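Below: one structure, written as structure tokens.
The structure presented is a predicted model; accordingly, all values stated were derived computationally and were not measured. Chain letters run A, B, ... following the sequence lines, proteins first, then strands; residues in each count from 1.
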Amino acid sequence: MPELPETETIARDLDRAVAGAVVSGVTVTHADVLRETTPADLAVRLVAARIRRSWRRAKLIVLDLSTAEHLVVQPRFTGALLVDSGALALAERRYTALALHFVDGRTLHYRDIRRLGTVALMGPDRFATYTAGIGPEPLDPTFTADALRTVLSRSGQAVKKVLMNQRQVAGVGNIYATESLWRAGIDPSRSARRVAAAEAQALRRALIDVLSEAIEARGTSFRDYRDAHGERGSFGDHLAAYGRAGLPCPRCQSRLVGTHAVDGRMTVFCPRCQR
DNA sequence: AGGGGAACCCGTACGC
DNA sequence: TGCGTACGGGTTCCCC
């Protein structure tokens with residue numbers, strides 16, 4: 001389940017690997033991952049295009065093309081982008097849904113075991129509209145405490161749910177919402193608009209710190225996540241709350257509680273130091 | 001507006 | 001051993 005740090009890791013690795021590569025062909029083996037395009041249309045629009053760069057927006061990997069179009073990959077749970085220079089094992093290619101072949105002989109696989117992930121091809125206008133609907137990037141300088149407070153004040157929903165809503169804040173999912181709320185000492189179920197200014201400031205700090213540290217660690221490998229080299233991230237060793245229900249809170253030693261009460265998603269928090 | 005539920009998909013875990 | 005079924009998980013969409 002790649003969130004912001006995992007997606008950032010993939011996008012950076014991919015940028016090093018395939019920026020400048022020119023597409024020579026496209027193979028679609030599972031068309032159901034495609035959005036806003038078809039296999040035939042994809043081939044027409046991608047062949048001869050050069051990949052300008054690979055970057056991240058929210059939990060999306062965006063490949064900018066020389067045609068001014070954008071290939072937008074949303075890996076969801078099991079999606080992965082793997083660069084094959086000829087050494088990729090057959091088992092790794094088994095779940096390829098889409099492959100871009102490059103003039104230099106390499107292949108970029110979009111592999112997705114459960115195929116809930118998506119790949120869309122968007123023109124510049126469509127891409128602009130699409131990204132305009134996504135909330136601010138937490139690591140952007142414009143994501144100030146005031147900006148976060150404005151977002152939170154607009155909703156009476158649980159603060160954790162608001163953090164995870166991509167229209168409100170970009171790139172934050174269950175792991176990093178859980179961790180940042182633990183660090184900020186805020187109960188995940190508390191109404192967003194009841195988060196005070198000082199708390200919003202602490203929450204902003206916690207989000208930025210947690211996400212930055214996780215990028216440094218190349219992400220958290222829970223279940224299937226692997227980076228573009230097939231490697232795991234190491235931030236899992238630093239999680240204080242996520243996945244630790246029943247274990248002692250690292251801050252106050254109280255027993256961490258796991259609940260599905262917020263948005264039907266597993267939430268772990270410390271009932272003593274998160275209020 | 002906000003809440004609930006379904007759909008998307010298939011490996012994994014489990015029951016028999 | 002094998003077959004059948006429930007489950008999870010982020011996002012979107014639909015309905016109340």
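- Nearest nucleotide to the side chain of Arg193(A), out of dG11(B), dG2(B), dG9(C): dG2(B).
- Residue Tyr95(A) places none of its side-chain N or O atoms closer than 4.0 Å to OP1 or OP2 of dC9(B).
- The separation between Leu34(A) atom CG and dC8(B) atom P is 17 Å, rounded to whole Å.
- No hydrogens or angles considered: nothing links the side chains of Thr267(A) and His260(A) as a donor-acceptor pair under 3.5 Å.
- Rounding to whole angstrom units, NE2 of residue His30(A) and C1' of dG11(B) are separated by 14 Å.
- Of the candidate nucleotides dC10(B), dG11(B), dT11(C), dT11(C) has the atom lying nearest to any side-chain atom of Gln166(A).
- Below 30°, between 30° and 60°, or above 60°: for Phe127(A) and His70(A) the angle between ring planes is below 30°, a parallel geometry.
- The side chain to side chain contact (heavy atoms under 4.5 Å, CB included) test applied to Arg194(A) returns Arg190(A), Ser191(A), not counting sequence neighbours.
- Both His260(A) and Arg167(A) sit near DNA chain C, but only His260(A) has its closest nucleotide nearer the 5' end.
- Using a 3.5 Å distance cut-off with no hydrogens or angles, the side chains of Asp187(A) and Ser189(A) do pair a donor with an acceptor.
- Remark: the Trp55(A) side chain and the Asp64(A) side chain contain an N/O donor-acceptor pair separated by less than 3.5 Å.
- The interatomic distance linking Arg114(A) (CZ) with dC8(B) (C1') rounds to 13 Å, in whole Å.
- In this structure, Asp112(A) reaches neither bases nor backbone, as no heavy-atom distance under 4.0 Å exists between it and the strands shown.
- Remark: P of dG11(B) and CZ of Arg76(A) are 18 Å apart, rounded to the nearest angstrom.
- Side-chain contact of Glu36(A) with Tyr130(A): a donor-acceptor pair under 3.5 Å is absent, judged by distance alone.
- At whole-Å resolution of the value, CZ in Arg35(A) and P in dC13(C) are 10 Å apart.
- Within residues 156-165 of chain A, the residues approached by DNA chain B to less than 4.0 Å at the level of any non-hydrogen atom are Gly156(A), Gln157(A), in residue-number order.
- When distances are taken from the side chain of Asp32(A) to each of dT11(C), dT12(C), dC9(B), the shortest belongs to dC9(B).
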